[in-house]
Amino acid sequence: MKNLAVLILSCVAVCSAIPEIAPYEPPKIEEEFDLKPGKYRFNLRPLLDDGCWYLRFRVKSSNTIFIQFSTKDEDGSDESYEVMIGAWNNKNTCIRKGRGDDFILDERTKGIITGRKWQEFYIKYSKGVWEIGHEDSGKVIATAQDDNTFDIKYVGVKSEERSWWKFDLPGFGRRVIRQDIHKPGEYVWAFPELYERNFYFEFAVKSGRDAIIVFSPSNYYEDDIYEIIIGAENNIFSCLRRKKKDKPIIDIPSLDILHEKKFRYFWVEYKSGTLKFGRWGVKEPIIEFTDENPLRIKYFGLTSIKNKSWWRLYMPCAEPLYICEHESYDLKCPDGRISIRSALYGRSNAAYCYRKGLIKKTDCGDPEHSFEVLRRECAGKKECTINAKNSIFKDPCRGTFKYLQFEYSCCKCD
């Protein structure tokens, strides 16, 4: 009642013309169903990104499960991939391209599937490279590469025997980054760069009040920023600030929009200078602001005021590729030659190739040296094997687990 009284008095004083948002209604955040054998179920949420995605799911089945990635929201397309986990009587993991017998993967994985308990898998895809693994442990099951790809948008599932499935709907087809903030007021910036001028992503936060997300041209809290404060003024308002420590330019009543014990789900979009923020599952934004002199956003940071907060960020695929230290990657340009655009061996964030206790620095590496080494190894070739090793790139930060981050293109050049 106290919060409600403050809300009423505040609105009478300063914002009587501002509409209130509707009370929070929990959206459907999980698709759960069981399937009888043999028939595909489509009509799941479309994948959020083209050409790069990370599908997480939980399943329980005693025999082969099928996950079809298709250009159509139905079974039967010739432009599709069919992932089979526990194929050939629970002995193999395979990927079939199209409707024929063209298998780009057929690997022995005996006993991989079970009907006795829930298992969590992931299927990752980027620029023709497939990876199948266990989501809980991060262990890779199998990888494959296809040089002539389809523009996949939809997902369907089936099984040889009865099966049970669970899919998270927020961030469908995107990787999740988890971040806990235990020091209120301290910003965390350890996230991938936002490489596109326009972006959209979904997120969840658990906090009693004042959960803050900041978008900035720099990897720190500078003067020129967009700052969204969710549950400001003791969880009564949500507002947008254009400059550091300025008064909000938008201030919307949003009583109890956050919860200290439950995750609440949201989305944020930046397109052609217009920033929008809203509840997940509701198309109409809570906040919408068009900037006549828009910022070139590249980074974002998180914090909370006067309490701890827990975040889940469903992020789009970054444009660069990442190779974790000690791993290798086969780079191919079948219809052209490799052109290296940028490279960094070291670390610029804590999100990729995370190893607990081994992230001592997030600002190490020599981009010029890394670029020259990778250019010397691969530029002008149709294919090359890249090894992310200290012996090749030199060690820029001892004691920190590193990665090679790079961008490339396939050019029609000599």
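Residues: numbered from 1 along the sequence shown.
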**Message:** Tell me whether the count of non-hydrogen atoms from other residues, nucleotides or ligands lying under 6.0 Å of CG in Asp101 goes above 12.
**Reply:** no
**Message:** Main chain of Gly365, side chain of Arg347: is a donor-acceptor contact present, judged purely on distance under 3.5 Å?
**Reply:** no
**Asked** Is any side-chain heavy atom of Val140 less than 4.5 Å from a side-chain heavy atom of Tyr122?
**Response** yes
**Prompt:** Can you tell me how far OH of Tyr270 sits from CZ of Phe289, rounded to the nearest 0.5 angstrom?
**Reply:** 9.0 Å
**Ser348 backbone acceptor or donor facing Tyr403 side chain under 3.5 Å** = yes
**Message:** For Asp395, is there an ion pair with Lys402 - N to carboxylate O distance below 4.0 angstrom?
**Reply:** yes
**Message:** Are the side chains of Glu260 and Trp310 in contact, using a 4.5 Å heavy-atom criterion?
**Reply:** no
**Asked** Do Asn90 and Asn63 meet the criterion of a side-chain donor-acceptor pair at a distance under 3.5 Å?
**Response** no
**Asked** NZ of Lys166: more than 12 outside heavy atoms within 6.0 angstrom?
**Response** yes
**Message:** Can you give me the closest heavy-atom contact between Ser77 and Thr71, atom names plus distance?
**Reply:** OG-OG1, 3.3 Å
**Item:** For Phe203, the option from Phe266, Phe300, Tyr265, Phe263 that meets ring-ring contact (aromatic ring centres under 6.0 Å, His included)
**Value:** Phe266
**Lys/Arg N to Asp/Glu carboxylate O, Asp210 vs Lys306, below 4.0 Å** = no
**Prompt:** Where the side chain of Asn235 meets the backbone of Leu258, is there a donor-acceptor pair that is under 3.5 Å apart?
**Reply:** yes
**Prompt:** Do Cys94 and Leu105 have side chains that get closer than 4.5 Å, going by heavy atoms?
**Reply:** no
**Prompt:** Between atom CD of Glu325 and atom CZ of Phe393, what is the distance when rounded to the nearest 0.5 Å?
**Reply:** 11.5 Å
**Asked** Backbone N or O of Thr114 within a donor-acceptor pair of the Gln119 side chain at under 3.5 Å?
**Response** yes
**Pairing residues for Glu227 by the salt bridge (Lys or Arg N to Asp or Glu O under 4.0 Å) criterion, not counting sequence neighbours** = Arg241
**Asked** Does NZ or CZ of Lys124 lie under 6.0 Å from the centre of the six-membered ring of Trp53, at an angle within 45° of the ring axis?
**Response** no
**Request:** Can you see which heavy atom on Lys158 is nearest to which on Trp165, and at what distance?
**Result:** O-CZ2, 3.6 Å
**Message:** Under a 3.5 Å cutoff, is there a donor and acceptor pairing between the side chains of Glu131 and Thr143?
**Reply:** no
**Message:** Going by the rule salt bridge (Lys or Arg N to Asp or Glu O under 4.0 Å), which residues pair with Lys28 if we only count those two or more places apart in sequence or in a different chain?
**Reply:** Glu31
**Asked** With side chains defined as the heavy atoms from C-beta onward, is the minimum distance between Phe201 and Leu313 less than 4.5 Å?
**Response** yes
**Request:** Give a yes or no answer on whether the side chain of Ser238 reaches the backbone of Ile252 with a donor-acceptor pair at less than 3.5 Å.
**Result:** no
**Asked** Is the count of non-hydrogen atoms from other residues, nucleotides or ligands lying under 6.0 Å from Glu368 atom CD greater than 12?
**Response** no
**Message:** Ignoring hydrogens, what is the shortest heavy-atom contact between Arg175 and Tyr54? Give both atom names and the distance.
**Reply:** N-CB, 3.7 Å
**Asp151, CG: over 12 other non-hydrogen atoms inside 6.0 angstrom** = no
**Request:** State, yes or no, whether a side-chain contact exists between Trp267 and Pro170 at a heavy-atom distance under 4.5 Å.
**Result:** no
**Message:** What I want to find out is whether Lys60 reaches Asp34 closely enough, with some N-O distance under 4.0 Å, to be called a salt bridge.
**Reply:** no
**Item:** Ser304 to Ser309 - nearest heavy-atom pair and separation
**Value:** OG-OG, 3.0 Å
**Fill in**
Taken to the nearest 0.5 Å, the spacing of Ser342 OG from Leu344 CG works out to 8.5 Å
**Gap between atom CD1 of Ile29 and atom CG of Leu169 - 0.5 Å precision** = 8.5 Å
**Asked** Is the gap between the ring centers of Tyr314 and Trp280 under 6.0 Å?
**Response** no
**Message:** side-chain hydrogen bond (donor to acceptor under 3.5 Å, both in side chains), that's the test. Do Thr290 and Thr274 meet it? Break it down for me.
**Reply:** CA-CA 4 Å; Thr290 299; Thr274 297; 2.8 Å; yes
**Complete:** Between the CD atom in Glu233 and the OG atom in Ser254, the distance rounded to the nearest 0.5 Å is 11.0 Å
**Nearest-0.5 Å distance that lies between atom CE in Met84 and atom CD in Gln68** = 10.0 Å
**Message:** With a 4.5 Å cut-off on side-chain heavy atoms, are Leu47 and Tyr154 touching?
**Reply:** no
**Request:** Verify salt bridge (Lys or Arg N to Asp or Glu O under 4.0 Å) between Asp223 and Lys243, making sure each step is shown before the conclusion.
**Result:** CA-CA 6 Å; Asp223 185 56; Lys243 285 185 176 290; 3.7 Å; yes
**Prompt:** Name the one of Phe199, Tyr299, Tyr226 that satisfies ring-ring contact (aromatic ring centres under 6.0 Å, His included) with Phe215?
**Reply:** Phe199
**Request:** For residues Tyr345 and Ile392, determine if any side-chain heavy atom of one lies less than 4.5 Å from a side-chain heavy atom of the other.
**Result:** no
**Message:** Could you report the tightest heavy-atom contact between Gly156 and Phe42, atom names first, then the distance?
**Reply:** N-CE2, 3.5 Å
**Message:** When you measure from the centre of the six-membered ring of Tyr81, is the NZ or CZ of Lys97 closer than 6.0 Å and no more than 45° off the axis?
**Reply:** no
**Item:** Worked verdict on Glu327 versus Tyr322 for side-chain hydrogen bond (donor to acceptor under 3.5 Å, both in side chains)
**Value:** CA-CA 10 Å; Glu327 294 183 2; Tyr322 289 80; over 6 Å; no
**Request:** Using side-chain contact (heavy atoms from CB on, under 4.5 Å) as the criterion, point out the one residue from Thr93, Ile113, Val83 that pairs with Phe121.
**Result:** Ile113
**Prompt:** Between the side chain of Asn198 and the main-chain N/O of Ser272, is any donor-acceptor distance below 3.5 Å?
**Reply:** yes
**Message:** Determine whether a donor-acceptor pair (N or O, by modelled atom type, separation under 3.5 Å) exists between the side chain of Asn307 and the backbone of Arg209.
**Reply:** yes
**Message:** Less than 4.0 angstrom from a charged side-chain N to a carboxylate O is my criterion; do Lys244 and Asp224 meet it?
**Reply:** no
**Complete:** Residue set satisfying disulfide bond (SG atoms under 2.5 Å apart) with Cys239, at least two apart, ordered chain then number -> none
**Prompt:** Is a donor on one side and an acceptor on the other found under 3.5 Å between the side chain of Glu202 and the backbone of Gly171?
**Reply:** yes
**Item:** Any donor-acceptor N/O pair, Ser370 side chain to Asp366 backbone, under 3.5 Å
**Value:** yes
**Prompt:** Is Arg45 salt-bridged to Asp73, cutoff N-O under 4.0 Å?
**Reply:** no
**Item:** Closest non-hydrogen atom pair, Ile340 against Ile338
**Value:** CD1-CG2, 3.8 Å
**Prompt:** How about Trp88: does its CH2 atom have over 12 heavy atoms from other parts shown lying under 6.0 Å from it?
**Reply:** no
**Prompt:** When you measure from the side chain of His259 to the backbone N and O of Lys261, does any donor-acceptor pair fall under 3.5 Å?
**Reply:** yes
**Prompt:** Would the number of heavy atoms belonging to other residues, nucleotides or ligands and lying under 6.0 Å from CZ of Arg116 be above 12?
**Reply:** no
**Request:** For atom NZ of Lys153, decide whether the heavy atoms of other residues, nucleotides or ligands shown that lie under 6.0 angstrom number more than 12.
**Result:** yes
**Asked** Are any non-hydrogen side-chain atoms of Glu186 and Ile181 less than 4.5 angstrom apart?
**Response** no
